[in-house]
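For reference, the structure discussed in these notes is given below.
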There are 4 protein chains.
Amino acid sequence: MGIQERKQRERERRRQQIMIAAKRVFSVKGFSKTTMDDIAKEAELSPGTLYLYFKNKDELFSSLSIRVLQYLNIRLEHVINSSKPNSVEEKVGALKEAMYDVYKFDSMMLVNMFHLQSSDTVRNLSPQLLENIRELSHNSLGIMSQIFEEGIQAGIFFDMPPMTYADIIWSTFSGIVLWEESKRVFTHDKSYVEQALDTAFEIFRRGIKTTK
Amino acid sequence: MGIQERKQRERERRRQQIMIAAKRVFSVKGFSKTTMDDIAKEAELSPGTLYLYFKNKDELFSSLSIRVLQYLNIRLEHVINSSKPNSVEEKVGALKEAMYDVYKFDSMMLVNMFHLQSSDTVRNLSPQLLENIRELSHNSLGIMSQIFEEGIQAGIFFDMPPMTYADIIWSTFSGIVLWEESKRVFTHDKSYVEQALDTAFEIFRRGIKTTK
Amino acid sequence: MGIQERKQRERERRRQQIMIAAKRVFSVKGFSKTTMDDIAKEAELSPGTLYLYFKNKDELFSSLSIRVLQYLNIRLEHVINSSKPNSVEEKVGALKEAMYDVYKFDSMMLVNMFHLQSSDTVRNLSPQLLENIRELSHNSLGIMSQIFEEGIQAGIFFDMPPMTYADIIWSTFSGIVLWEESKRVFTHDKSYVEQALDTAFEIFRRGIKTTK
Amino acid sequence: MGIQERKQRERERRRQQIMIAAKRVFSVKGFSKTTMDDIAKEAELSPGTLYLYFKNKDELFSSLSIRVLQYLNIRLEHVINSSKPNSVEEKVGALKEAMYDVYKFDSMMLVNMFHLQSSDTVRNLSPQLLENIRELSHNSLGIMSQIFEEGIQAGIFFDMPPMTYADIIWSTFSGIVLWEESKRVFTHDKSYVEQALDTAFEIFRRGIKTTK
DNA sequence: CATGAATGAGGTTTCATTCAT
DNA sequence: CATGAATGAAACCTCATTCAT
């Protein structure tokens with residue numbers, strides 16, 4: 001049993017090692033130009049070994065992207081659970097902060113994850129991984145919608161389906177992140193994600209405040 | 001000159017012919033699986049000929065994506081120019097409609113264009129094409145920001161940089177479109193772009209209305 | 001038309017060129033150890049070019065093997081058609097000779113063809129090629145059975161289904177050829193195919209003669 | 001010594017265990033698609049362990065094939081030894097039966113063994129295994145030729161080298177078995193080996209009978 | 001003896017691109 | 001201008017085999 005566990009942990013460590021190496025290569029060569037051989041070299045492993053831990057290239061890529069989703073989930077659950085007597089306003093603020101933290105946590109992978117969602121990429125993933133992503137996504141959106149629902153019941157938000165709020169804020173977030181990336185390509189501006197996210201929530205909040 | 005011109009026009013016709021063929025193939029095989037040979041066959045041309053009209057595959061792809069940007073530009077210029085004594089409210093409504101029309105005009109290419117903006121893809125484009133995209137983008141955002149500026153000066157919007165409004169609405173739009181695609185992959189829902197766009201503008205407008 | 005034809009012929013020439021190169025490599029390195037790169041190098045072409053003429057490695061291999069079947073077909077048709085007033089005895093003799101000639105024509109490929117017939121190999125072939133093989137096989141066996149039928153009707157052979165005769169003689173032939181190869185591996189004997197074939201027919205013939 | 005022996009026997013048991021597992025995998029996945037890992041998993045051993053009992057993959061494959069040769073040997077020796085005062089006719093009948101039993105005993109491996117004999121495969125075998133096969137083969141053919149020799153001395157067969165008889169019948173047998181397999185691929189017919197073997201011997205026998 | 005993680009050479013195949021005609 | 005055969009680099013992935021534990 002102890003042995004089983006240690007092996008499992010050892011295995012997980014290797015996976016991490018590979019994923020870290022992969023990330024390093026990605027950030028230098030870009031996704032499409034990165035080969036499995038590159039990653040193997042960076043991880044100081046042989047190409048074949050990668051396939052002991054990841055079914056294929058797409059799975060490795062996707063596993064990387066999933067980390068940010070996982071991080072988001074943890075953050076959101078924290079917002080809901082830990083702070084019991086928080087006001088809705090505070091929760092919305094925490095939501096905003098959580099999203100921005102996700103961005104700071106690993107912006108490169110976040111961008112990649114948004115691209116990953118395109119149907120073209122998704123087709124090659126294993127059903128298991130797909131289910132994994134779906135679940136994480138579903139869970140995160142569910143929590144967001146909970147927050148908005150509280151707001152609605154507290155009479156602070158207009159009566160719209162809470163899931164719509166969640167969808168819109170998530171769309172906006174992904175749009176902002178991608179747009180920031182593309183702007184950086186063209187204008188080399190500094191990050192404007194924080195400010196944009198602030199503004200987006202501000203707009204939400206104005207609507208809220210004035211309805212009192 | 002007449003001859004020059006005719007040649008130029010002939011050349012443009014060929015480009016269009018190729019782009020149309022490319023689109024047909026894309027919609028069937030998906031982007032990553034489409035080869036130059038596929039396109040050549042669909043266009044009833046030889047592979048070599050494609051390279052007389054497009055520097056490389058990425059250029060062909062990008063040229064396709066640009067069409068939606070061009071369409072957006074035309075629509076936005078129409079909003080500003082044609083309708084002289086329109087109220088700001090009407091202009092904002094027209095802006096929303098223009099964006100949704102762009103989506104309907106060619107959603108597949110719109111999605112592709114958003115993906116195209118990733119730095120990974122952009123690296124391979126010719127400076128000329130890049131400049132082209134930058135200009136179209138810049139112009140569109142400029143017009144949007146004009147509309148918002150009018151609103152601000154009319155005292156309808158809060159005093160934020162108009163370009164920020166433009167950025168946010170454009171981000172939100174791209175986010176919605178991409179999110180819709182990814183949702184469709186997982187849930188096979190019907191299009192929710194129109195509704196989401198409505199809601200996003202609604203949120204804007206509520207903020208607007210209540211500040212009077 | 002002339003152009004179409006010339007292209008077709010040019011194409012066929014290339015196919016031959018590749019097949020000849022392939023054979024040369026096979027005879028040196030053996031089948032399983034031969035790579036597409038080896039063949040390309042021998043043919044002084046690039047690896048990619050091979051795939052313009054053969055769908056994959058198995059198709060190339062099989063196409064090679066088919067040549068002996070084609071040769072057999074031609075020889076057998078010659079036996080039936082050209083010689084009108086021949087006695088059955090003579091035809092049987094011609095049959096035997098045809099089979100031996102096939103062996104001399106290209107023993108290496110004949111051996112390979114017999115191995116090819118194993119279900120394991122067959123699974124990867126294109127339906128078209130499979131049909132091709134089936135047809136050639138069917139035709140050859142049909143002609144053999146015709147010869148035996150003539151013999152039966154002439155009262156020379158016992159009354160057994162002619163196809164059974166054809167099957168048996170073909171089985172025996174393949175067995176002899178394969179056995180010869182395996183013996184050569186072990187004992188380095190000289191070819192015994194001719195003698196064995198003679199003997200096999202001799203046995204047949206004794207049966208025939210004595211039933212008069 | 002007792003210990004030595006027991007170890008030896010234990011070792012042999014393991015070999016058998018692996019070979020049985022290998023066979024099970026072969027019959028499902030086909031030869032070319034079976035990997036050492038598959039076999040290890042089926043045998044509930046680790047891949048490395050296989051190499052303690054078999055020098056390499058080819059040796060494992062070949063060892064499997066040898067079993068039918070061993071079975072044939074036993075059967076043939078039984079024909080010669082056990083039944084002392086049997087007539088030649090009876091012995092020939094027993095020979096035929098032995099061959100058919102070999103086929104029924106393990107047709108899959110019999111087919112494989114015939115393929116194994118190709119020079120291509122043989123190159124990788126250890127000299128020891130090769131010698132083993134040679135010996136078994138030699139012995140079997142020797143016994144067959146003994147039977148035919150008896151026939152010749154009894155004046156029943158024509159005076160041909162007995163070894164030629166043995167070669168021919170063995171060739172025919174292998175040809176029939178392989179041909180049956182290839183036919184099954186195409187036509188899905190039922191087994192015709194028994195009937196074909198009957199016919200082949202029938203032809204032999206007719207020749208015999210009529211020479212009296 | 002047994003393990004099984006790691007190896008890494010090597011195979012097949014694809015496909016954007018070129019260039020002689 | 002157009003062709004399309006040829007290119008050839010490079011990618012992904014497999015799997016027989018080894019060796020430290």
Side-chain angles (χ1 to χ4, degrees), chain A residues 3 7 10-11 14 18 32-41 43-60 124, chain B residues 7 10-11 14 18 32-41 43-61 124, chain C residues 3 7 10-11 14 18 32-41 43-60 124, chain D residues 7 10-11 14 18 32-41 43-61 124:
Chain A
I3 262 187
K7 284 217 170 151
E10 186 58 39
R11 189 178 166 77
R14 262 282 199 278
I18 293 170
S32 62
K33 297 262 169 73
T34 295
T35 72
M36 291 301 264
D37 265 42
D38 290 333
I39 298 170
K41 232 160 252 158
E44 292 179 36
L45 291 169
S46 84
T49 305
L50 302 192
Y51 288 86
L52 296 177
Y53 295 91
F54 298 92
K55 213 184 82 189
N56 56 38
K57 198 187 175 187
D58 271 326
E59 292 261 341
L60 170 50
N124 294 325
Chain B
K7 280 206 172 170
E10 186 58 38
R11 189 178 165 76
R14 261 284 208 279
I18 293 171
S32 61
K33 298 259 171 77
T34 294
T35 70
M36 292 300 265
D37 258 49
D38 291 333
I39 298 169
K41 230 161 253 156
E44 292 179 37
L45 290 170
S46 86
T49 306
L50 302 190
Y51 286 85
L52 296 175
Y53 295 92
F54 298 92
K55 213 186 85 190
N56 56 39
K57 197 187 175 187
D58 271 327
E59 292 260 339
L60 170 50
F61 274 42
N124 294 325
Chain C
I3 261 187
K7 286 219 168 150
E10 187 57 38
R11 191 179 164 77
R14 262 281 199 277
I18 293 170
S32 60
K33 297 263 170 73
T34 295
T35 72
M36 291 301 263
D37 264 44
D38 291 333
I39 298 170
K41 231 159 253 159
E44 292 178 36
L45 291 170
S46 85
T49 305
L50 302 190
Y51 287 85
L52 295 177
Y53 295 92
F54 298 92
K55 214 185 81 190
N56 54 41
K57 197 186 174 187
D58 271 326
E59 291 261 341
L60 170 50
N124 293 327
Chain D
K7 279 206 173 168
E10 187 58 36
R11 188 179 166 75
R14 262 285 207 279
I18 292 170
S32 62
K33 298 256 170 76
T34 295
T35 70
M36 291 300 264
D37 258 49
D38 291 333
I39 297 169
K41 229 159 254 158
E44 293 178 37
L45 291 170
S46 85
T49 307
L50 302 191
Y51 286 85
L52 295 175
Y53 295 92
F54 297 92
K55 212 185 87 190
N56 55 39
K57 198 186 176 189
D58 271 327
E59 292 259 340
L60 170 50
F61 275 42
N124 294 325

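The figures that follow rest on heavy atoms only: side chains count, while hydrogens, waters and symmetry mates do not. We name chains A, B, ... by the order of the sequence lines, and we start the count at 1 in each one.
Contacts of B:R14 classified as side-chain contact (heavy atoms from CB on, under 4.5 Å), with partners at least two apart in sequence or in another chain: B:Q17, B:L45, B:Y53. For the side-chain hydrogen bond (donor to acceptor under 3.5 Å, both in side chains) test, no residue two or more places apart in sequence or in another chain qualifies with A:T34. A search for side-chain contact (heavy atoms from CB on, under 4.5 Å) contacts involving B:F54 returns B:R15, B:I18, B:M19, B:L60, B:S63, not counting sequence neighbours. With sequence neighbours excluded, the residues that form a side-chain contact (heavy atoms from CB on, under 4.5 Å) with A:T35 are A:D37, A:D38. The salt bridge (charged side-chain N to carboxylate O under 4.0 Å, His left out) test applied to A:E44 returns no partner, not counting sequence neighbours. Every residue meeting the side-chain contact (heavy atoms from CB on, under 4.5 Å) condition with B:Y51, not counting sequence neighbours, appears here in chain and number order: B:M36.
Annotation for A:A40 and A:S46: closest pair CB-C, 3.9 Å, computed over non-hydrogen atoms.
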DNA chain E base-pair string [pairs: Watson-Crick or G-U under 3.5 Å; |: paired with another strand]: .||||||||||||||||||||

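Rounding to whole angstrom units, CD of residue C:E10 and P of F:dG4 are separated by 15 Å. If you take CG of A:L45 and C1' of E:dG4, they are 16 Å apart, rounded to a whole angstrom. What separates CG of A:L60 from C1' of F:dC12 is a distance of 13 Å, to the nearest Å. Computed from coordinates, the A:I39 CD1 to F:dA11 C1' distance equals 12 Å when rounded to whole Å. As rounded to whole Å, 11 Å separates atom P of F:dA9 from atom NZ of C:K41. Here the P atom of nucleotide E:dC15 and the CG atom of B:D38 are 8 Å apart, to the nearest Å. Put simply, CZ on A:F54 is 16 Å from C1' on F:dC12, counting in whole angstrom units. If you measure from atom NZ of C:K33 to atom C1' of E:dA9, you get 14 Å, rounded to the nearest angstrom.
Between D:E44 and A:Y53, the residue whose closest nucleotide on DNA chain E is further toward the 5' end is D:E44.
Residue-level contact check: C:R11 touches neither bases nor backbone, having no heavy atom under 4.0 Å from any strand.
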Can you build the contact string for nucleotides 16-21 of chain E? Use B for base contact, S for sugar-phosphate-only contact, and - for no protein heavy atom under 4.0 Å. SBB---

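When the C1' atom is used for both E:dC1 and F:dT21, the distance is 13 Å, rounded to whole Å.
For F:dA6, one of the phosphate oxygens OP1 or OP2 lies less than 4.0 angstrom from a side-chain nitrogen or oxygen of C:R14. A:T49 has a side-chain polar atom (N or O) that falls below the 4.0 Å cut-off from OP1 or OP2 of E:dT7.
The listed nucleotides are F:dC1, F:dA5, E:dA6; the one nearest the side chain of C:L52 is F:dA5.
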